[in-house]
Asks: 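Let me begin by handing over the structure; questions about it come next.
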There are 2 protein chains.
Amino acid sequence: MTATDKHTESKIFEAATEIFEEKGLAAARMQDIADRASINKALLHYYFRTKEKLFMAVFDKLAEKMFRKFASIFEEDMPFEEKIRYFFYEHMSFLEKNPKLPMFILTEVNRSPELLDKFLSMVNISNIKSKISADISGSLPEEAIPHLMVSIISLSVFPIVAKPILQGILSQAGIEYRQFIKERKQVAPDFIINAIRQYNVQTNNKPQK
Amino acid sequence: MTATDKHTESKIFEAATEIFEEKGLAAARMQDIADRASINKALLHYYFRTKEKLFMAVFDKLAEKMFRKFASIFEEDMPFEEKIRYFFYEHMSFLEKNPKLPMFILTEVNRSPELLDKFLSMVNISNIKSKISADISGSLPEEAIPHLMVSIISLSVFPIVAKPILQGILSQAGIEYRQFIKERKQVAPDFIINAIRQYNVQTNNKPQK
DNA sequence: TATATATTTAACCAATTGGTTAAACTATTT
DNA sequence: AAATAGTTTAACCAATTGGTTAAATATATA
């Protein structure tokens with residue numbers, strides 16, 4: 001493999017990433033990818049053999065990116081309240097930089113759930129549960145923790161995925177979507193923290209490492 | 001138009017609804033729709049002329065259904081806390097019966113946001129805002145209301161849309177998705193209500209009409 | 001019952017799509 | 001420099017796709 005083909009292969013990969021993120025597998029066309037990469041379509045097959053294999057290479061990269069980001073944030077060692085705030089800040093900043101990623105993943109995993117198989121273990125919910133239990137005291141029931149986590153994800157991801165709808169509805173009230181998402185980085189963690197206050201949750205004031 | 005063709009047309013429409021919901025516009029095939037309806041493919045064109053027109057008929061019907069459900073629940077006259085509980089119960093029951101609908105709408109409006117134009121006015125956010133302000137007293141800032149509404153929608157819709165992911169992750173901890181969603185009808189409104197308690201929100205105890 | 005109208009069928013069509021092929025071109029090795 | 005290996009191109013291919021056509025069939029009307 002020469003420097004030239006490393007270049008061609010990555011050009012293809014980048015173009016494919018964009019096109020697949022924008023259109024999904026079903027609507028993406030090999031000719032569109034070739035056009036985006038400014039190469040002859042036959043090269044797609046020379047380097048990646050089939051559309052399916054090219055798609056899988058892209059999906060794997062993007063899903064890894066998304067799940068790793070999620071998992072790493074949640075497993076950080078820090079006081080719980082701070083972790084919630086850090087999660088929203090980090091996760092929503094990540095989503096801001098990758099606005100098409102969640103919708104891409106959701107589209108493809110709804111079509112083909114087995115695509116997820118190799119990524120699920122990256123999110124160890126039992127591990128996260130014990131970390132959360134260790135981080136907080138009070139009467140938060142253990143069975144509430146998955147709900148809490150799903151709520152956290154819901155509050156951060158859904159407004160991104162529903163952008164066209166929210167943009168339309170919010171603009172009726174003179175609210176600008178970008179500004180709304182900006183505020184949300186603050187509002188959403190407040191919301192979560194206040195919601196769990198009912199359990200007399202005291203976040204441990206452990207010294208930070 | 002005869003009784004027979006009313007029958008054929010609705011058979012086509014129903015089959016198209018299923019196929020478009022399952023696959024979206026890009027991946028749906030006219031032959032698949034014809035097979036699902038047990039008719040000859042040419043009839044799709046006889047009754048609906050083009051794929052695009054058939055899709056639009058289906059999209060309009062489904063989007064109307066979804067937006068009308070959302071809007072009607074939120075404009076109910078009842079005490080706020082009760083409205084939140086009613087919203088989650090009604091909305092999540094609706095989503096349970098139409099599990100593919102949100103993902104279908106999200107997919108298509110992300111691809112083509114102008115599809116939304118005729119439905120946005122069904123959700124009058126300013127109207128909802130004044131209703132909520134009238135329903136509750138306390139110090140909930142007006143600019144927090146859109147965030148509250150988006151949170152409510154996020155908490156109800158996202159777990160449906162993310163079913164494959166949640167199913168995978170939750171099963172690792174021995175949690176069954178269906179049971180999780182069932183619990184959520186109770187957990188999510190609790191969450192919302194507790195979250196806004198910080199504003200010294202008192203829900204009006206107006207007599208029900 | 002005969003005629004007109006509407007519906008359905010099966011065959012066909014042009015365009016598009018993912019993929020293949022072999023020649024031309026470029027880079028590397030002997 | 002010639003031979004070999006690797007990359008790229010442009011043309012081509014078979015299958016699929018949304019759509020069309022005209023004949024056959026069914027239904028409605030006079």
Side-chain angles (χ1 to χ4, degrees), chain A residues 1-62 104 107-108 110-112 114-115, chain B residues 1-62 104 107-108 110-112 114-115:
Chain A
M1 209 188 267
T2 66
T4 300
D5 62 19
K6 239 185 199 131
H7 182 57
T8 303
E9 186 171 340
S10 65
K11 270 172 68 180
I12 292 174
F13 192 87
E14 280 160 24
T17 300
E18 288 175 20
I19 298 286
F20 282 135
E21 262 193 311
E22 285 166 25
K23 300 185 173 195
L25 176 60
R29 295 292 173 259
M30 294 296 257
Q31 187 61 57
D32 294 340
I33 295 169
D35 293 342
R36 185 71 65 94
S38 303
I39 53 131
N40 184 290
K41 181 164 70 75
L43 289 184
L44 301 179
H45 301 280
Y46 179 79
Y47 283 97
F48 290 92
R49 208 152 350 265
T50 63
K51 183 183 185 182
E52 177 71 24
K53 284 183 159 75
L54 178 57
F55 172 79
M56 283 311 306
V58 169
F59 180 85
D60 285 353
K61 181 88 179 275
L62 292 179
F104 168 73
T107 299
E108 303 305 330
N110 270 287
R111 173 181 62 81
S112 198
E114 68 280 352
L115 291 176
Chain B
M1 209 188 271
T2 66
T4 300
D5 62 20
K6 241 187 194 126
H7 183 57
T8 303
E9 186 172 339
S10 65
K11 269 173 68 179
I12 291 174
F13 191 86
E14 279 159 27
T17 300
E18 287 175 20
I19 299 286
F20 282 134
E21 262 193 309
E22 285 166 24
K23 300 187 176 194
L25 176 61
R29 296 292 172 258
M30 294 297 257
Q31 188 59 59
D32 293 339
I33 295 169
D35 292 341
R36 186 70 66 92
S38 306
I39 54 130
N40 184 291
K41 180 164 69 74
L43 289 183
L44 301 180
H45 301 281
Y46 179 78
Y47 283 96
F48 291 92
R49 206 144 0 257
T50 63
K51 184 182 184 182
E52 177 70 26
K53 285 184 158 75
L54 178 57
F55 173 79
M56 283 311 306
V58 168
F59 180 84
D60 284 353
K61 182 85 179 277
L62 292 178
F104 168 72
T107 300
E108 303 304 330
N110 270 286
R111 174 181 61 81
S112 198
E114 67 281 351
L115 291 175

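Since the structure is predicted, the reported quantities are computational estimates derived from the model, not experimental observations. Proteins get letters first, then strands, A, B, ... in listed order; numbering begins at 1 in each.
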Asks: Check every atom of D/dT17, D/dT21, C/dA6 against the side chain of B/Arg29 and return the nucleotide holding the closest atom.
Replies: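 So the nucleotide nearest the side chain must be D/dT17.
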Asks: Of all residues at least two apart in sequence or in a different chain, which pass the salt bridge (Lys or Arg N to Asp or Glu O under 4.0 Å) check with A/Glu21?
Replies: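 In terms of salt bridge (Lys or Arg N to Asp or Glu O under 4.0 Å), with neighbours along the sequence ignored, A/Glu21 is linked to no residue.
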Asks: What heavy-atom pair brings B/Asn40 and B/Ala34 nearest, and what distance separates the two atoms?
Replies: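 Minimum heavy-atom separation between B/Asn40 and B/Ala34: C-CB, 4.3 Å.
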Asks: Once you round it to whole Å, what is the distance between P of C/dA10 and OH of B/Tyr46?
Replies: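 Answer to the nearest Å: 17 Å.
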Asks: Grab the CD1-C1' distance between B/Ile33 and D/dG18 for me, whole Å please.
Replies: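 One finds 11 Å between C1' of D/dG18 and CD1 of B/Ile33, rounded.
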Asks: Please confirm whether A/Phe55 and A/Phe20 have ring centers closer than 6.0 angstrom.
Replies: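 Yes, they do, as the ring centres are separated by less than 6.0 Å.
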Asks: If you measure from NE2 on A/His7 to CD1 on A/Ile39, what distance do you get to the nearest 0.5 Å?
Replies: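 Interatomic distance, A/His7 NE2 to A/Ile39 CD1, rounded to 0.5 Å: 11.0 Å.
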Asks: Whole angstrom is fine here: how far is it from CD1 in B/Ile19 over to P in D/dG18?
Replies: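 That distance rounds to 12 Å.
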Asks: So A/Ala34, base contact, sugar-phosphate only, or nothing? Heavy-atom distance under 4.0 Å.
Replies: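 Here A/Ala34 touches no strand at all.
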Asks: Is it the case that the base of D/dG19 and the side chain of B/Lys51 share a donor-acceptor contact (distance under 3.5 Å, atom types as modelled)?
Replies: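 Counting by modelled atom types and ignoring angles, no donor-acceptor contact under 3.5 Å is found here.
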Asks: Going by side-chain contact (heavy atoms from CB on, under 4.5 Å), B/Thr17 matches just one of B/Val58, B/Ile33, B/Ile12, B/Leu54. Which one?
Replies: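 In the set B/Val58, B/Ile33, B/Ile12, B/Leu54, the residue that makes a side-chain contact (heavy atoms from CB on, under 4.5 Å) with B/Thr17 is B/Val58.
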Asks: Taking CD from B/Gln31 and P from C/dT9, how many angstroms apart are they, rounded to a whole number?
Replies: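 Checked: the CD to P distance equals 12 Å.
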Asks: With the side chain of B/Tyr47 defined as its heavy atoms from C-beta on, choose the nearest nucleotide among C/dG18, C/dT8, D/dG6.
Replies: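 Among C/dG18, C/dT8, D/dG6, the one nearest the side chain of B/Tyr47 is C/dT8.
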Asks: What is the distance from NE2 of B/His7 to C1' of D/dA26, rounded to the nearest Å?
Replies: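 Taking NE2 of B/His7 and C1' of D/dA26, I get 15 Å after rounding.
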Asks: Please pick, from C/dG19, D/dT8, C/dT8, the nucleotide with the shortest atom-to-atom distance to any side-chain atom of B/Leu43.
Replies: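 Looking only at heavy atoms from C-beta outward on B/Leu43, the closest nucleotide is C/dT8.
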Asks: Could you give the CD1-to-C1' distance, from A/Ile12 to C/dG19, as a whole number of Å?
Replies: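 Taking CD1 of A/Ile12 and C1' of C/dG19, I get 14 Å after rounding.
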Asks: Could you give the CG-to-P distance, from A/Asn40 to C/dT26, as a whole number of Å?
Replies: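 The answer, rounded to whole Å, is 15 Å.
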Asks: Are OP1 or OP2 of C/dG18 and a side-chain N or O of A/Thr50 less than 4.0 angstrom apart?
Replies: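 Result: no.
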Asks: Among D/dT20, D/dT9, D/dG19, which nucleotide sits nearest the side chain of A/Ala42?
Replies: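 Closest nucleotide among those given: D/dT9.
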Asks: Expressed in angstrom and rounded to an integer, what is the separation of A/Leu54 atom CG from C/dG18 atom P?
Replies: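 Rounded to whole Å, this separation is 11 Å.
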Asks: Let's see if you can work this out: which of C/dT20, C/dT8, C/dA10 has an atom nearest to the side-chain heavy atoms of A/His45?
Replies: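 Nearest to the side chain of A/His45 among the choices is C/dT20.
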